[in-house]
Amino acid sequence: MHPIDTALANLGITLPDAPAPAANYVPFVQVGNLVHISGQISQNAAGLIKGRVGETLDVAEGAEAARCCAVSLLAQLKKACGGDWARLDRAVKLVGFVNSTPEFTDQPKVINGASDLMVAVLGDAGRHARSAVSAASLPLGVAVEIEAIFALK
Amino acid sequence: MHPIDTALANLGITLPDAPAPAANYVPFVQVGNLVHISGQISQNAAGLIKGRVGETLDVAEGAEAARCCAVSLLAQLKKACGGDWARLDRAVKLVGFVNSTPEFTDQPKVINGASDLMVAVLGDAGRHARSAVSAASLPLGVAVEIEAIFALK
Amino acid sequence: MHPIDTALANLGITLPDAPAPAANYVPFVQVGNLVHISGQISQNAAGLIKGRVGETLDVAEGAEAARCCAVSLLAQLKKACGGDWARLDRAVKLVGFVNSTPEFTDQPKVINGASDLMVAVLGDAGRHARSAVSAASLPLGVAVEIEAIFALK
């Protein structure tokens, strides 16, 4: 069992089927050794995680939503690796968009929900450059959307 | 005639002169085989397409604005290819920003205006990773701004 | 003295210690010859530059905040170069997020504060692709956040 699958199991995470967008865009594109993954919206097995941080969600709920985006990113990443984690080099970059009130200023604490999971699952290979900002609103009213770049070997 | 030019002609699209920003940034930068194209704001031959989706514009009008951003991206891309579409490998990534109300949740339908045009013109090479979010506001009051990465051969 | 250090000295700019984020993300990741730098928030020796452009800050104050983000980006870039500017190839891309009112439409003039500094310090190698949008809000209430990609030789 690959250490990444062990880490996922230890965290009680089962990666979902990598969701496929229903439009003329695709979940990820690999060019050279870089994989660009489409923005993943906050959802889990129970459905979409909607709401606005600072209004209907607090920071901890926002961070949990961000963690769910990270789970979806990992599902897409595993698919991009053809199911073989040994092909992964490292995380490169996350951009996190938080659905928040104009007064909200804890975007980094929200997106840490994703950053922390990356390192918990991928170890040092999970450390990444990052931006965390608020969006005026997000698709379907979700709380968080995160896109990513990873490097394969 | 290259199939991409045929597709553009069949769609009745004449690519505009690739607009050159009037500042210390440039329309695109190629590094290795990747071309990073600056955010293109919604405009056509009649001028800027301004407005806020969910307020002064509906989804269809937003999608048309996004389509116009895609036309500008294609104009910059053709310039990046030195006018020779045979140098294009594929679309890699779009990030679309929608000028919308805080209640608006159909960002994907708006940005589909750009994604659909990419595939209509470039075929399978036009499929791309994508993020679609709302911005609190956009330059000059435009409805949509889209940036892109393409790969050349 | 490298011309870039001369340009910085002539502008009276001392690069700060490249700030290290206190989380599971890192200031920059190099993959191949590309350096992805995390979003840098507006701050200078006096502290964070907070506020909302169009409300508590005017365009010139926003541009100064953007310039400070660019100074932080250059500090991270120098660190990514191991202190040796000769390793820099060029700037590739900036994405600038402005904390503004929904009515604000001069995002490009704000982000020019960063773009102009890049070219003042790096010369032609500082010209970059760019997007400039407004965020609904930014971490810690800062006025501007800018992320960047640079190419090394």
For the candidates Ala135(B), Ala132(B), Ala151(B), which exhibits the highest count of non-hydrogen atom pairs separated by less than 4.5 Å from chain A? Ala132(B)
Minimum side-chain heavy-atom gap Lys109(B)-Pro139(A) below 4.5 Å: no
Does any backbone or side-chain atom of Ile111(B) lie under 4.5 Å from a heavy atom of chain A? Answer side chain, backbone, both or neither. neither
Residue, of Ser134(A), Gly39(A), Ser38(A), that accumulates the most heavy atom pairs under 4.5 Å with chain B: Ser38(A)
For the residue pair Gln107(B) and Ser137(A), confirm or rule out a side-chain donor-acceptor distance under 3.5 Å. yes
What part of Asn99(B) is in contact with chain A, defined as an atom under 4.5 angstrom from a non-hydrogen atom: side chain, backbone, both or neither? neither
Taking side chain as everything from C-beta outward and backbone as N, CA, C, O, which of these in Val119(B) sits under 4.5 Å from a heavy atom of chain A? Side chain, backbone, both or neither. side chain
Might you point out which heavy atoms bring His128(B) and Tyr25(A) nearest each other, and give the distance in Å? O-CB, 3.1 Å
Find the one option among Ala136(B), Ser100(B), Ser131(B), Pro108(B) whose heavy-atom pairs under 4.5 Å with chain A are most numerous. Ser131(B)
Hey, what do you get for NE2 (His36(A)) to CZ (Arg130(B)), rounding to the nearest 0.5 Å? 16.0 Å
Answer yes or no: are there more than 12 heavy-atom neighbours, outside Asp84(A) itself, under 6.0 Å from its atom CG? yes
Name the member of Gly126(B), Ser115(B), Gly54(B) that forms the most heavy-atom pairs with chain A at distances under 4.5 Å. Ser115(B)
Does any backbone or side-chain atom of Ala120(B) lie under 4.5 Å from a heavy atom of chain A? Answer side chain, backbone, both or neither. neither
Check whether any side-chain heavy atom of Asn24(A) sits under 4.5 Å from a side-chain heavy atom of Met118(B), and report yes or no. no
Contacting moiety of Ile149(B), where chain A heavy atoms sit under 4.5 Å: side chain
Please state whether the side chain, the backbone, both or neither of Val31(A) comes within less than 4.5 Å of a heavy atom of chain B. side chain
Parallel, tilted or perpendicular, judged at 30° and 60°: which one describes the rings of Phe97(A) and Phe97(B)? perpendicular
Would Lys93(B) and Glu147(A) pass as an ion pair if we require N to O under 4.0 Å? yes
Atom group of Val95(B) that falls short of 4.5 Å from chain A, counting heavy atoms: side chain
Among Val35(A), Val133(A), Val142(A), Val26(A), which has the most heavy-atom pairs under 4.5 Å with chain B? Val26(A)
For Asp17(A), look at atom CG and say whether over 12 heavy atoms of other residues, nucleotides or ligands are found less than 6.0 Å away. no
